[in-house]
Amino acid sequence: MSFTAGETILNYIQGEWTASSTGELDPSINPAQPTQVVGWVQRSSLQDLDAAVTSAKAAQRAWRKLSAPARGEYLYKVADLLEQRLDDIAETMTREMGKTFPEAKGETARGAAILRYYAGEGMRKVGDVIPSTDSEALMFTTRVPLGVVGVITPWNFPVAIPIWKMAPALIYGNAVVLKPAGEAAVTAAKVIACFHDAKIPAGVVSMVTGQGSVIGQGIIDHPGINGITFTGSNTVGKTIAKGAIARGAKYQLEMGGKNPVIVADDADLEQAVEATISGGLRSTGQKCTATSRVVVQSGIYDAFKQRLLERVQMLKVGDGMEAGTWMGPCASENQLQTVLSYISRGLEEGASLLHGGGKPAGLENGFYVEPTLFDNVRPHMTIAKEEIFGPVLALMKVDTLEEALALANDSEFGLSASIFTKNIGSMLAFVNEMEAGLVRINAESAGVELQAPFGGMKQSSSHSREQGQAAIEFFTSIKTVFIKS
Ligand SMILES: NC(=O)c1ccc[n+]([C@@H]2O[C@H](COP(=O)([O-])OP(=O)(O)OC[C@H]3O[C@@H](n4cnc5c(N)ncnc54)[C@H](O)[C@@H]3O)[C@@H](O)[C@H]2O)c1
Ligand SMILES: O=CCCC(=O)C(=O)O
C-alpha cells in the first residue's frame, strides 16, 4: 500500500486500516516547508486502543504457538519489503521530521538489517540445562513471551526505533501495539504497511496514533498490555514507570542524554574535530547519543576550537531533500523553540557564543537553527546540564584527564560518551570510570550497532538494555522447568 501526500493515516487494527471513532486529525507537517502537510494523523480514542489490544491479545495466542523460525520468516519478508520501499520511506521520513535524505536512507536500511538480525534470533537457543540435585531429573530454563507489548516511540528515529522494539518482541512470541510519535506517524504507517504486505497474521501487529496523554497514557493503564517499551523524554519515561509499577506491568525506558566527548592533549586533532561535528550536529543534534558537552584539555584547546569553528562554518543547512544539505531543520516548531530558548539561557548565564545561535539567513520559513558553538561553558550552566536535543555544542576547558573525567561524569545522565586520545592508559581510565552505557574511543558518541546491547546508566534508562541478544531479557520471562518421570 502507498500513501499520497496529505492523506489521513489510519490506525492498523486486526489487520485492517481503520478510521478512528473521533474523526479528529492533526497535521504532520514538513519542518523544512511548514505549509506542506505530509499526512493527517488521527487523534484516536481509548476505544480505538482497546480494539487494538483486544485483537492483539487474541492473535498472540496463535502467534506464540508458531515456531520461532516460522515467526522469523515473516520478519525476513518485512525486511525485503522495507528494502524495496527504501527510497519512498526515507523520503517520507525526511519530509516529515527533517533529517537529510542520505541519513534517512541509512536509517531505513538499518531497519531492514535489524529485522533480519531478529529473524535469525528465531533459530538460536533460548535456555540452558542446569544440573539438578536430583540425579533422575532434568532441569532447564526456557523463555515465554510477555503477551501484548505496548511500544511508545519518539520522532527522531521513526523507522529504526519502532523496529528495534517490534522485531525482538515479535520473534519471541509477543503481539505488539505501536503508538508512534505524531511528528513521525506517516513514516511509521509506511513501516506498518510492510508488516501488512508481508501478511503477518491479523492482530499480531497494531498501530494506534494519537496524543501521548491519551493513547500513551492508555497503554500505561491498559490491563491487557503486559509490557511497555518506551523511548523518549525523561519526564514521560517517569510517568510510564510509575503507571507500570502501579499495575505490575513490565517496563523498559530509554531516555535522554547529555553526552560528553573528551579531547585529550594527545588527540588526533582532525579526527576529534570531525567526530565532534558528526556526533554533535548530524540529524540536527536530535539523537539521544548526540555529543553535547565537549571537554577539551588545555594543551589542545585553542587549536581544537579554531579548527572546529572553521569546519562548522562550512556546514550547509537546508532542506534535507536537497542534494548537498548537511543539516536539516529541527523536527518541529516546538523543538526549534526549545533549542532557541536553551541558546538564550546560555547567553544569559555567561557562556560565549562562538558561532550560530539563531535562524540561518534565507531559511526563515522552516524550523531551522544554525549549528551553534558555545565557549567558556561552566558546569553549573543550564546548557551544560540539560539535554538540548539540538545542534548546540558546549566547549569546556580542563587541565588534566582526571578533571575531564570528573566533569564528564558530572551529569544526571549516562547514555553515551567518547574520548580522543592515543594513550592506552587514558583509554582504559575512560572505559573503567566513565558512567555511560555506551563508551567509544576515537569515535563519535553516536553510532549504535544493532547486534550490541544499547542503553544508559543513571537517569538515561530503566537500566535494561535494548538490541542485540540483550533484547531477550525484556521481551520474555524465564521459566525454570524441572522434569522427573
Ligand atoms: N535513549 C534512547 O534510546 C533515546 C532515543 C531517541 C530519543 N530519546 C529521547 O527522546 C526525547 C525526544 O523524543 P520525544 O520528544 O518524542 O519524546 P517524548 O517523551 O515527548 O515522546 C515520546 C513518545 O511518548 C509519547 N508520550 C507523550 N506523553 C505521554 C504520556 N503522558 N504517556 C505516555 N506516552 C506519552 C509521545 O506521544 C511519543 O510517542 C529526547 O529526550 C531523547 O533523548 C532517547
Ligand atoms: O536517538 C537514539 C538512537 C541513537 C542511535 O541510534 C545512534 O546513535 O546510532
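Numbering of ligands and ligand atoms starts at 1, following listing order. Position 1 is the first residue of the sequence, and the numbers go up from there. What you see is a predicted model, and the numbers here were worked out from it, not measured in a lab.
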**Prompt:** Among side-chain atoms of E254 and T231, is any donor-acceptor pair under 3.5 angstrom?
**Reply:** no

**Protein contact of atom 2 (C) of ligand 1 - nearest heavy atom, named by residue and atom, plus distance** = C288 SG, 3.2 Å

**Asked** Would you call Q286 and Q335 a side-chain contact if the rule is heavy atoms closer than 4.5 Å?
**Response** yes

**Fill in**
Atoms of ligand 2 under 4.0 Å from any heavy atom of V448, numbered from 1 in the order shown, are 5 (C), 6 (O), 7 (C), 8 (O), 9 (O)

**E466, any N or O under 3.5 Å of ligand 1 N or O** = no

**Prompt:** What do you reckon, is CD of E24 surrounded by more than 12 foreign heavy atoms closer than 6.0 Å?
**Reply:** yes

**Message:** If the cut-off is 4.0 Å to any non-hydrogen atom of C288, which atoms of ligand 2 fall inside it?
**Reply:** 1 (O), 2 (C), 3 (C), 4 (C)

**Prompt:** Do R293 side-chain atoms and L395 backbone N/O form a donor-acceptor pair below 3.5 Å?
**Reply:** no

**Side chain, backbone, both or neither: I215 near ligand 1, heavy atoms under 4.0 Å** = neither

**Message:** Side chain, backbone, both or neither: which applies to T231 and ligand 2 if a contact is any heavy-atom pair less than 4.0 Å apart?
**Reply:** neither

**Asked** Numbering the atoms of ligand 1 from 1, which are under 4.0 Å from a heavy atom of F230?
**Response** 19 (O), 22 (C), 23 (C), 24 (O)

**Asked** Would the number of heavy atoms belonging to other residues, nucleotides or ligands and lying under 6.0 Å from CG of N365 be above 12?
**Response** no

**Item:** Test item: side-chain donor near acceptor, Q252 and T229, under 3.5 Å
**Value:** yes

**Prompt:** Which of the atoms in ligand 1, numbered in the order shown and given with their element, are less than 4.0 Å from a heavy-atom of G256?
**Reply:** 43 (O)

**Asked** Are any side-chain N or O atoms of S283 and backbone N or O atoms of K99, one a donor and one an acceptor, separated by less than 3.5 Å?
**Response** no

**Request:** Using atom types as modelled and distance alone, determine if a side-chain donor or acceptor of Q42 lies under 3.5 Å from a backbone N or O of S20.
**Result:** yes

**Prompt:** CE of M166 to CE of M207: how many Å apart, nearest 0.5 Å?
**Reply:** 9.5 Å

**Message:** If the cut-off is 4.0 Å to any non-hydrogen atom of W164, which atoms of ligand 2 fall inside it?
**Reply:** 3 (C), 6 (O)

**Message:** If the cut-off is 4.0 Å to any non-hydrogen atom of K287, which atoms of ligand 2 fall inside it?
**Reply:** 1 (O)

**Asked** So which heavy atom in the protein is nearest atom 13 (O) of ligand 1, and how far is it from that ligand atom?
**Response** P154 CB, 3.4 Å

**Prompt:** Which atoms of ligand 2 have any heavy atom of A446 under 4.0 Å away?
**Reply:** 8 (O)

**Fill in**
For atom 25 (C) of ligand 1, the closest protein heavy atom turns out to be I152 CG2, 3.7 Å

**Asked** Can a donor-acceptor pair be found between the side chains of T372 and E370 at a distance below 3.5 Å?
**Response** no

**Asked** What protein heavy atom sits nearest atom 15 (O) of ligand 1, and how far off is it?
**Response** W155 NE1, 3.1 Å

**Fill in**
For atom 8 (O) of ligand 2, the closest protein heavy atom turns out to be T289 OG1, 2.6 Å

**Prompt:** Can you tell which part of I220 has a heavy atom less than 4.0 Å from ligand 1: side chain, backbone, both or neither?
**Reply:** side chain

**Message:** Tell me the protein heavy atom at minimum distance from atom 9 (C) of ligand 1, and give that distance in Å.
**Reply:** G232 O, 3.1 Å

**Request:** Report the part of F157 (side chain from C-beta onward, or backbone N, CA, C, O) that has a heavy atom under 4.0 Å from ligand 1; answer both or neither where that applies.
**Result:** neither

**Request:** Give yes or no for whether the N/O distance cutoff of 3.5 Å, strictly under, is met between K179 and ligand 1.
**Result:** yes

**Prompt:** Do the ring centers of W326 and F101 come within less than 6.0 Å of each other?
**Reply:** no

**Prompt:** Would you say E254 touches ligand 2, if touching means a heavy atom closer than 4.0 Å?
**Reply:** no

**Prompt:** Judged by non-hydrogen atoms, does T289 sit under 4.0 Å from ligand 1?
**Reply:** no

**Asked** Do E96 and W155 have side-chain heavy atoms sitting under 4.5 Å apart?
**Response** no

**Fill in**
The protein heavy atom nearest to atom 5 (C) of ligand 1 is T231 CG2, 3.0 Å

**Message:** Tell me the contacting part of L415 for ligand 1: side chain, backbone, both, or neither, using a 4.0 Å heavy-atom threshold, strictly below.
**Reply:** side chain

**Prompt:** Does F454 reach ligand 1, in the sense of a heavy atom lying below 4.0 Å from it?
**Reply:** yes

**Item:** Separation of S206 OG from F195 CZ (nearest 0.5 Å)
**Value:** 11.5 Å

**Message:** Within ligand 1, which atoms have a heavy atom of Q217 less than 4.0 Å away?
**Reply:** 32 (N), 33 (C)

**Request:** Take atom CG of N334 as the centre, draw a 6.0 Å sphere, and report whether it contains more than 12 heavy atoms from other residues, nucleotides or ligands.
**Result:** no

**Prompt:** Would you say ligand 1 has an N or O under 3.5 Å from any N or O of S233?
**Reply:** yes

**Request:** Taking the side chain as every heavy atom from C-beta outward, state whether Q451 and Q467 have any atom pair closer than 4.5 Å.
**Result:** no

**Asked** Which residue and non-hydrogen atom of the protein lie closest to atom 1 (N) of ligand 1, and at what distance in Å?
**Response** M255 O, 2.6 Å

**Check: S411/K258 side-chain N/O donor and acceptor closer than 3.5 Å** = no

**Request:** Could you tell me the separation between the CD1 atom of I13 and the CG atom of D50, rounded to the nearest 0.5 Å?
**Result:** 9.5 Å

**Request:** Give a yes/no verdict on whether any heavy atom in G447 is under 4.0 Å from an atom of ligand 2.
**Result:** yes

**Asked** Does an N or O anywhere in Q286 fall below 3.5 Å from an N or O of ligand 2?
**Response** no

**Message:** Hydrogens and angles aside, do R143 and T476 bring a side-chain donor and acceptor to less than 3.5 Å of each other?
**Reply:** yes

**Fill in**
The atoms of ligand 1 lying under 4.0 Å from a heavy atom of I161, numbered in the order shown, are 5 (C), 6 (C)

**Request:** Kindly state if atom 39 (O) of ligand 1 has a protein heavy atom within a strict 4.0 Å cut-off, that is, under 4.0 Å?
**Result:** yes

**Asked** Does any N/O atom on S460 come nearer than 3.5 Å to any N/O atom on ligand 1?
**Response** no

**Request:** Begin with the C-alpha distance, continue with both residues' side-chain angles, and end with the deciding distance and a verdict on salt bridge (charged side-chain N to carboxylate O under 4.0 Å, His left out) for K190 and D88.
**Result:** CA-CA 9 Å; K190 290 196 174 189; D88 175 56; 3.0 Å; yes

**Message:** Under 4.0 Å, heavy-atom basis, I'd like to know which part of N234 is in contact with ligand 1: side chain, backbone, both or neither.
**Reply:** neither

**Message:** What protein heavy atom lies closest to atom 6 (O) of ligand 2? Include the residue and the distance to one decimal.
**Reply:** R110 NH2, 2.5 Å

**Request:** Check ligand 1 against N156 and write out every atom of the ligand that is under 4.0 Å from a heavy-atom position of the residue.
**Result:** 6 (C), 7 (C)

**Asked** Quick one: are P34 and F367 in side-chain contact, heavy atoms under 4.5 Å?
**Response** yes

**Message:** Suppose we measure from atom 30 (C) of ligand 1 to each protein heavy atom; which comes out shortest, and what is that distance?
**Reply:** G212 O, 3.3 Å

